[in-house]
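Data first, discussion second: the structure below is written as structure tokens.
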There are 2 protein chains.
Amino acid sequence: MAQLDTIVERNRPLTKGDHLYRQHDNFKSIFAVRSGSFKSYVLNSSGEGRVTGFYLPGEIIGLDGIADHSHANSAIALEHASICEIPFNQLESLSLQLPVLQHNFFSIMGAEITKDQKVHTLLSSYSAEQRITSFLLGLSSRYARVGLSATRFNLPMTRGDIGEYLGLTVETVSRLLTALQKKGVLAVANREIELKDIEALKQIVGADAL
Amino acid sequence: MAQLDTIVERNRPLTKGDHLYRQHDNFKSIFAVRSGSFKSYVLNSSGEGRVTGFYLPGEIIGLDGIADHSHANSAIALEHASICEIPFNQLESLSLQLPVLQHNFFSIMGAEITKDQKVHTLLSSYSAEQRITSFLLGLSSRYARVGLSATRFNLPMTRGDIGEYLGLTVETVSRLLTALQKKGVLAVANREIELKDIEALKQIVGADAL
DNA sequence: CGTCAGTTTGAGCGAGCTCAACGTGAGTGG
DNA sequence: CCACTCACGTTGAGCTCGCTCAAACTGACG
């Protein structure tokens with residue numbers, strides 16, 4: 001892993017609104033989020049965007065460019081953030097020498113595929129309430145994975161971003177957050193959220209959590 | 001590529017309803033579809049399934065098991081089918097020796113990720129009519145890729161399967177196929193379909209085709 | 001302290017779902 | 001070869017969840 005370290009470039013910090021790359025950009029590197037958060041999105045012909053993913057510390061962003069050497073999404077910082085840039089061709093070369101690295105990278109891509117398929121199920125069969133709940137539980141465990149609180153965290157994205165990601169409107173997202181708060185299972189004030197009853201939230205999603 | 005050939009196992013043919021693997025099965029191999037077609041699906045706790053993908057000749061199935069060495073989906077043959085089985089650990093070993101193979105496999109996984117993200121956009125922002133249309137155009141170009149007709153082909157899956165995949169009910173799928181037929185852009189009889197006006201279909205989906 | 005993006009709340013509407021009934025064709029057994 | 005069956009498909013009628021449109025509120029930042 002020390003060898004991986006040699007090819008990683010620690011880039012300058014990014015600030016809210018900075019693009020990491022844009023749709024159709026030439027693909028050169030993947031990025032590991034060190035701090036802060038990003039969203040990826042696509043623009044349709046009428047100029048409106050759809051959010052395709054959120055990326056938190058410890059997660060990998062940019063895999064959408066591997067297939068055809070050009071990014072399918074744009075990626076933008078949601079707040080102050082820093083990243084590690086990993087040039088893809090160097091990663092490939094090094095993977096030929098380090099079986100563990102190759103194996104890990106296959107796993108990372110496999111995990112992305114599995115995650116996307118779960119989102120597919122979520123979008124094709126869950127109600128609005130289940131989508132929001134599942135989304136919040138997902139954020140919770142992703143924050144927990146990097147040692148942050150699983151019950152109290154900040155939403156780095158807007159209600160609109162959440163809506164685009166989950167296939168809902170801003171209004172629906174807002175209304176449901178209020179409704180869940182009235183149920184007492186969570187408390188939300190602006191971007192700050194506290195999950196007060198994880199078990200109840202899991203029950204809303206159904207036995208099969210995301 | 002001749003070396004890849006040495007690790008591929010050409011399995012016995014499968015018939016409609018045969019499982020290639022089941023959810024939670026230990027992951028051992030990925031499969032290339034040689035003929036016929038498959039669907040992958042997950043069962044939720046209440047026993048109902050959601051289709052997560054369709055696999056046609058020339059496509060790779062089983063990538064959902066790479067991440068945690070266990071399949072996230074079940075895969076079942078929709079008709080008589082044959083496959084090539086590629087043991088994954090052998091593929092990994094060989095990839096260490098053949099840079100081209102490693103590169104190609106990264107590309108294949110990257111393509112799967114890009115495809116899944118397009119489905120995400122489809123499910124989160126398209127109307128029922130756009131979903132069906134986009135789905136049919138997708139099938140069309142996938143059949144064309146292996147030398148079959150892009151305008152006339154058989155639907156190997158049921159209306160129910162299509163509905164589960166697209167997040168619609170059987171009734172909606174059926175109604176929309178009838179409606180599209182009345183518009184004159186396609187003709188459908190049972191499983192046989194003819195796309196009569198590809199341009200019109202693309203227009204329904206919008207400028208950004210899937 | 002004004003501005004503007006983001007958020008909330010309300011009222012009405014409609015796309016797609018639910019429930020129900022009927023049609024159809026491929027496979028099976030007599 | 002026909003009758004039966006059962007999964008699959010179609011069509012209709014009514015309802016509901018989430019969308020649309022509209023208006024007001026909040027807070028961050030210049």
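Here is the naming used below: chain letters follow the sequence lines, and residue numbers restart at 1 for every chain.
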Specify the separation, in whole Å, of atom [atom1] of [X] and atom [atom2] of [N].
X        : N      : atom1 : atom2 : result
A/Arg175 : D/dA23 : CZ    : P     : 15 Å
A/Leu176 : C/dT8  : CG    : P     : 11 Å
A/Glu192 : D/dA28 : CD    : P     : 12 Å
A/Glu79  : D/dA28 : CD    : C1'   : 16 Å
A/Asn154 : D/dA28 : CG    : P     : 12 Å
B/Leu177 : C/dT24 : CG    : P     : 17 Å
A/Lys16  : C/dA5  : NZ    : P     : 12 Å
B/Ile132 : C/dA15 : CD1   : C1'   : 14 Å

Is the B/His69 to B/Phe27 ring centre distance short of 6.0 Å?
->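 Not under 6.0 Å, so no.
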[X] side chain, from C-beta outward: closest of [options]:
X        : options               : value
A/Arg159 : C/dT18, C/dT7, D/dT10 : C/dT7
B/Thr178 : C/dT8, D/dT11, C/dC17 : D/dT11
B/Thr172 : D/dC19, C/dT8, C/dG16 : C/dG16
B/Val170 : D/dG18, D/dT10, C/dT8 : D/dT10
A/Asn190 : D/dC8, D/dG27, D/dG18 : D/dG27
B/Glu171 : C/dT8, C/dG16, C/dC19 : C/dC19

Supply the atom-to-atom distance A/Tyr55 OH to A/Leu78 CG, rounded to the nearest 0.5 angstrom.
->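 Reported to 0.5 Å precision, the distance equals 11.5 Å.
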Take the angle between the ring planes of A/Tyr21 and A/Phe31 and call it parallel below 30°, perpendicular above 60°, tilted in between.
->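 Geometry flag for A/Phe31 against A/Tyr21: parallel rings.
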Are A/Arg152 and A/Glu194 within salt-bridge range, i.e. N to O under 4.0 Å?
->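 Yes, charged N to carboxylate O under 4.0 Å.
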Presence of salt bridge, B/Glu129 and B/Lys183, under 4.0 angstrom =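 Yes, this pair counts.
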Under 4.0 angstrom, heavy atoms only, what part of the nucleic acid is B/Gly167 near: base, sugar-phosphate, or nothing?
->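 Counting heavy atoms under 4.0 Å across all strands, the contact made by B/Gly167 is with sugar-phosphate only.
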Would you say a side-chain N or O of A/Thr169 is under 4.0 Å from OP1 or OP2 of D/dC19?
->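 For A/Thr169, the contact criterion (side-chain N or O under 4.0 Å from OP1 or OP2 of D/dC19) is met.
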B/Arg191 vs D/dC8: side-chain N/O to OP1/OP2 distance below 4.0 Å =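 So the side chain of B/Arg191 is outside the cut-off, no N or O lying under 4.0 Å from OP1 or OP2 of D/dC8.
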What about B/Arg131: does its side chain form a donor-acceptor pair under 3.5 Å with the base of C/dG16?
->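 No, the side chain and the base share no sub-3.5 Å donor-acceptor pair.
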